[in-house]
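Residues: numbered from 1 along the sequence shown.
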Amino acid sequence: MSYKMVMGMGISMKEVVGLNILSEGHVVAGHRELNETLVEWVSVMEVPVENFVRKHEFVLTTGIGCADDPILFEKFVQDVIQSGASALTVATGRHILDIPERVVELADRSGFILIEIPWKIRFSDVIQEVIEAINRENELERLQGEEIRQQLTDCVLSGGALQDILSILHEKINMPVAISDQRQMIRANYNFDTSIINTLNGITDGTITQLKTPQVPLEEHPLYHHLNQYMVNGQTCYELTIFSNDKKQGYLLFMPDEQDDLSWLTMNALEHGLTACALYFLTENAIETTEIRLKDNFILDLAKVKQELTTQVISKGALLGYDLTIPYACIVGDFRSTEVEDESYSHENDRSMQSSLHSLNYYVQKEITHASQQLQRATMSTFDEGEVVIFLETNEQVYQEHVNHFLDMVERRLHDQLTNIDFAWGIGFHRGSGNVFYESYQEARAALDIHTKQYGFGERTFFEETRVNRLLMILTEEDHVVTHVKEILRPLVEYDQKRKTDLIQTFMTYQKYKGNVSQTARALNLHRQSLLYRLRNIEKLTQLSLVDADDSFLLEFSVRLWMLNKFKD
């Protein structure tokens, strides 16, 4: 039979034996353990013990069922000791007249506290005083925990740094603590061995073993199930993951000298520290998001809104960390998956591309920053509707060289990480005054669009390289020119569509190699006779001679205009 009262935290056995109700009691064994032994529960227990007694339990017994049977009583005491109880108090004078010497020796050998009290002391009075003492201690620890929580919260809300949080936490728990963020950077450290953190984060080599079940004395604490325990280079440390907005932000690390240092109050302090860190990262993320939004809007306004570079604009840029007084080239980039060749891919899989756009933007921005640092050139960059807009510090004389070097670095590293993504770039550099950023963006965007419409997606195009196409685009505004081009090309376009051939591309390749049949055949991977057959077919359909300079010019002019895609049938 048993009567049990379960409590939360606890008090020491020294405090228990000092209670008034136990003033007539006598400690017969385990004197040395009084200070270090914790009591969290109190119960009345008689034979059999079985599994009814828990660790840190203060057990009271009358010995009923063991009267006149010292061997059974000794077995009963042995079972209580093995249960992990804090102490056993025996009411003598009725069922157990005196505690046998063998039992006292057993308790002494086991380092177990054994107490004898007179029969007249009522167990209900003992239980009441022990519970009240535990409750007083619990309330004290609760108030201490609340004080720690308030200090940590005030620290974050008043603008304190992570190091300030650790200073408060270290003061309360008196053990090394550190914070490592999700990027494996040590954000704050208070007496924690840096080499252990670096080994955990994979920065330096070492031996790491994670225990399947953390070895701590308080398995009942809510924080227990969130603990990770590691053996790192022969040393024990613990880790708690910091979450905010359901996102992993980093880790709170701590290293007690002994497992028993992880008291209930210490665990509460760590829990409050974890909450304070989460609040800090939440605030930091909000500030970073606001700053990023301000920078993005500023760069987009520079690129897409006509505005003079006034002193006010320059000052606003300086506040955001941008120097607008130096020259910049504008680079506009677009991305496309190389996994699917079908043009319908961009429409059918638009949602999947959008879902991964944030991740892609992260990698692109990371490599823009890396290239900027390596080349020691200022950059301003942002993303808008699937395109990246970059302003790269340069100078007029060698701006193409600077841009190519910059994009080489960006693309090389991106292709290592994103093997299924292709890039297309348009580059502009406005040499005049006035709306320099707006004009540079317009040039870069035009260069990218012109190249894509004429040659398809990919490569880099500088605005200066599009002079011919820009002149042709002016001609597309003349209706009679468009009508004449349509009349020339309609037979070729219809033939290609019907026969699934590419006579137009064949002709442009032929022009590229200045009428050299052998070079054109090799470029198109065609037999010489097959190429000649195609060329004769082009002449027949268009009624133009490819050996006549005027006819050849007229056909190329028409094809170039058609490839700009400024008009359709």
Short N-O contact, Arg445 and Glu439, less than 4.0 angstrom: no
Nearest heavy-atom neighbours spanning Gly206 and Thr199: CA-CG2, 3.7 Å
Carefully, step by step, assess Ser180 and Leu200 under the rule side chain to side chain contact (heavy atoms under 4.5 Å, CB included). CA-CA 10 Å; Ser180 176; Leu200 270 176; over 6 Å; no
So Asp496 and Thr501, side chain to side chain donor-acceptor pair (under 3.5 Å) or not? Walk me through it. CA-CA 5 Å; Asp496 278 346; Thr501 57; 2.7 Å; yes
Would you give the length of the straight line joining atom CG of Leu279 to atom CG of Leu152, rounded to the nearest 0.5 angstrom? 10.5 Å
Please confirm whether Phe437 and Phe391 have ring centers closer than 6.0 angstrom. yes
Is a donor on one side and an acceptor on the other found under 3.5 Å between the side chain of Glu367 and the backbone of Val410? no
Separation of Leu320 CG from Ile299 CD1 (nearest 0.5 Å): 8.5 Å
Just so I know, are the side chains of Ile538 and Leu544 near enough to count as touching, which here means a heavy-atom distance under 4.5 Å? no
Closest heavy-atom pair, Leu282 versus Ser244, reported as atoms and distance to 0.1 Å, is N-OG, 4.0 Å
Side chains of Leu211 and Tyr230: does their closest heavy-atom pair fall under 4.5 Å? no
Is the count of non-hydrogen atoms from other residues, nucleotides or ligands lying under 6.0 Å from Gln376 atom CD greater than 12? no
If you measure from CG on Asp550 to CG on Leu555, what distance do you get to the nearest 0.5 Å? 12.5 Å
Test item: Phe507 and Leu546 side chains (from C-beta on) under 4.5 Å apart, heavy atoms: yes
Atom pair CD (Gln400) and CD (Glu464), whose distance is rounded to the nearest 0.5 Å: 5.5 Å
Side chain to side chain donor-acceptor pair (under 3.5 Å) for Thr506 and Arg534? Distances and angles first, verdict last. CA-CA 8 Å; Thr506 300; Arg534 287 191 183 186; 2.9 Å; yes
Within the 4.5 Å heavy-atom criterion, are Leu407 and Phe423 side-chain neighbours or not? no
Between Asn435 and Glu308, is there a side-chain heavy-atom distance shorter than 4.5 Å? yes
Could you tell me whether a side-chain N or O of Thr379 sits under 3.5 Å from a main-chain N or O of Ser372, the two making a donor and an acceptor? no
Can you establish whether the number of heavy atoms outside Lys304 located under 6.0 Å from its atom NZ is more than 12? yes
Is it the case that over 12 heavy atoms from other parts of the model lie below 6.0 angstrom from the CD atom of Gln312? no
CD of Gln182 to CG of Asn201, rounded to nearest 0.5 Å, is 12.0 Å
Using the test salt bridge (charged side-chain N to carboxylate O under 4.0 Å, His left out), find all partners of Asp323 that sit at least two apart in sequence or belong to another chain. none
Atom pair OH/CG of Tyr190 and Leu169 - distance to nearest 0.5 Å: 11.0 Å
Arg187/Glu284 ion pair, N-O < 4.0 Å: yes
Between Glu239 and Leu252 (side chain of the first, backbone of the second, donor and acceptor by atom type, cut-off under 3.5 Å), is there such a pair? no
Looking at Glu494 and Lys498, does any basic side-chain N land under 4.0 Å from a carboxylate oxygen? no
Do you know the tightest heavy-atom contact between Gln307 and Val313? OE1-CG2, 3.8 Å
Yes or no on side chain to side chain donor-acceptor pair (under 3.5 Å) for Gln511 and Ser552, after CA distance, side-chain angles and deciding distance? CA-CA 8 Å; Gln511 290 295 94; Ser552 181; 3.0 Å; yes
Inspect the contact between Asp408 and Arg460 and indicate whether a charged nitrogen and a carboxylate oxygen are less than 4.0 angstrom apart. yes
Measuring only between side-chain heavy atoms, which start at C-beta, is Val517 closer than 4.5 Å to Arg528? yes
Ring-face cation of Lys316 near Tyr322 (centre distance under 6.0 Å, axis angle within 45°): no
Glu539 to Val547 - nearest heavy-atom pair and separation: OE2-N, 4.3 Å
Looking at His405, I want to see if its NE2 is surrounded by more than 12 non-hydrogen atoms of other residues, nucleotides or ligands under 6.0 Å. no
I'd like to know if the side chain of Asn537 reaches the main chain of Tyr533, judged simply by a donor and an acceptor atom lying under 3.5 Å from each other, with no hydrogens or angles considered. no
Do Val389 and Phe383 make a side-chain contact, defined as non-hydrogen atoms from C-beta onward lying under 4.5 Å apart? no
Starting from the C-alpha separation in whole Å, work towards a yes-or-no answer on side chain to side chain donor-acceptor pair (under 3.5 Å) for Gln151 and Lys172. CA-CA 11 Å; Gln151 278 187 264; Lys172 303 301 180 183; 3.1 Å; yes
